[in-house]
Asks: 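The structure follows.
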Amino acid sequence: MEFDLLGSLSPNGGSPKPAKDSTEHPEVPQCSRRGCGRDAQWQLLWNNPKLHTPDRRKVWLACDDHREYLSDFLTQRDFLKATEPFKASEDQV
């Protein structure tokens, strides 16, 4: 099991949250901000240079409302590498 200290901001570390009833509600990638259930609009690419190789990128997903909050959190720690629009692919939805 991988431990992700920054993933503590999200109950699932930015991974898509499984729907309660997948027949009614397919999996939809959602914002990584704890307690937010909105669909992801952005992906924040980051790494912790003390733990990760320079080319490794971890991803947090963000809705429009939490993009700045999550970006600021990563920027203050000098972890943020890029912010890009997020488009769910067919196999994610």
Side-chain angles (χ1 to χ4, degrees):
M1 174 181 225
E2 183 179 334
F3 178 73
D4 181 3
L5 179 63
L6 292 176
S8 65
L9 286 180
S10 170
N12 61 5
S15 301
K17 296 177 187 175
K20 291 180 183 175
D21 181 358
S22 60
T23 58
E24 280 185 41
H25 308 284
E27 289 185 12
V28 177
Q30 296 179 336
C31 181
S32 297
R33 176 76 164 106
R34 180 176 286 170
C36 182
R38 294 187 191 114
D39 293 351
Q41 302 297 317
W42 300 93
Q43 55 184 356
L44 286 70
L45 308 174
W46 64 275
N47 86 0
N48 179 340
K50 292 182 181 178
L51 302 175
H52 307 124
T53 59
D55 59 327
R56 174 142 185 224
R57 292 296 179 263
K58 300 204 51 135
V59 178
W60 278 355
L61 299 177
C63 65
D64 285 331
D65 289 343
H66 293 117
R67 176 182 151 202
E68 186 175 344
Y69 174 86
L70 293 171
S71 292
D72 288 348
F73 181 92
L74 293 169
T75 299
Q76 289 174 6
R77 290 152 181 82
D78 202 26
F79 292 172
L80 185 63
K81 301 303 177 192
T83 301
E84 301 173 354
F86 175 76
K87 294 185 180 168
S89 64
E90 287 297 318
D91 60 337
Q92 291 175 316
V93 182

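These values consider heavy atoms only, across backbone and side chains, with no hydrogens, waters or symmetry-generated copies.
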Asks: Keeping the roles fixed (side chain from Ser32, backbone from Ala62), state whether a donor-acceptor pair exists under 3.5 Å.
Replies: no
Asks: Short question: side chain of Glu84, backbone of Gln43 - any donor-acceptor pair under 3.5 Å?
Replies: no
Asks: How far apart are the C-alpha atoms of Val59 and Phe86, what are their side-chain angles, what is the distance that settles it, and do they pass the side chain to side chain contact (heavy atoms under 4.5 Å, CB included) test?
Replies: CA-CA 11 Å; Val59 178; Phe86 175 76; over 6 Å; no
Asks: On a heavy-atom basis, which atom in Thr83 and which in Leu44 lie closest, and how many Å separate them?
Replies: OG1-CG, 4.1 Å
Asks: Quick one: CZ on Arg77 to CG on Asp72, what's the gap to the nearest 0.5 Å?
Replies: 10.0 Å
Asks: Do Leu80 and Phe73 have side-chain heavy atoms sitting under 4.5 Å apart?
Replies: no
Asks: Please round to the nearest 0.5 Å and tell me the distance separating atom OG1 of Thr75 and atom CD of Glu68.
Replies: 10.0 Å
Asks: Return the NE2 to SG distance between His66 and Cys31, rounded to the nearest 0.5 Å.
Replies: 5.5 Å
Asks: Between Gln30 and Gly37, what is the shortest heavy-atom contact and its length?
Replies: NE2-O, 3.2 Å
Asks: Below 4.5 Å, heavy atoms only, C-beta onward: do Trp42 and Leu70 meet side chain to side chain?
Replies: no
Asks: Taking Asn47 for its side chain and Asp55 for its backbone only, find out whether a donor-acceptor pair lies under 3.5 Å.
Replies: no
Asks: Name the orientation class of the two ring planes belonging to Trp46 and His52 (parallel below 30°, tilted from 30 to 60°, perpendicular beyond 60°).
Replies: perpendicular
Asks: Can you confirm whether Pro49 sits close enough to Phe79 that some side-chain heavy atom of one is under 4.5 Å from a side-chain heavy atom of the other?
Replies: yes
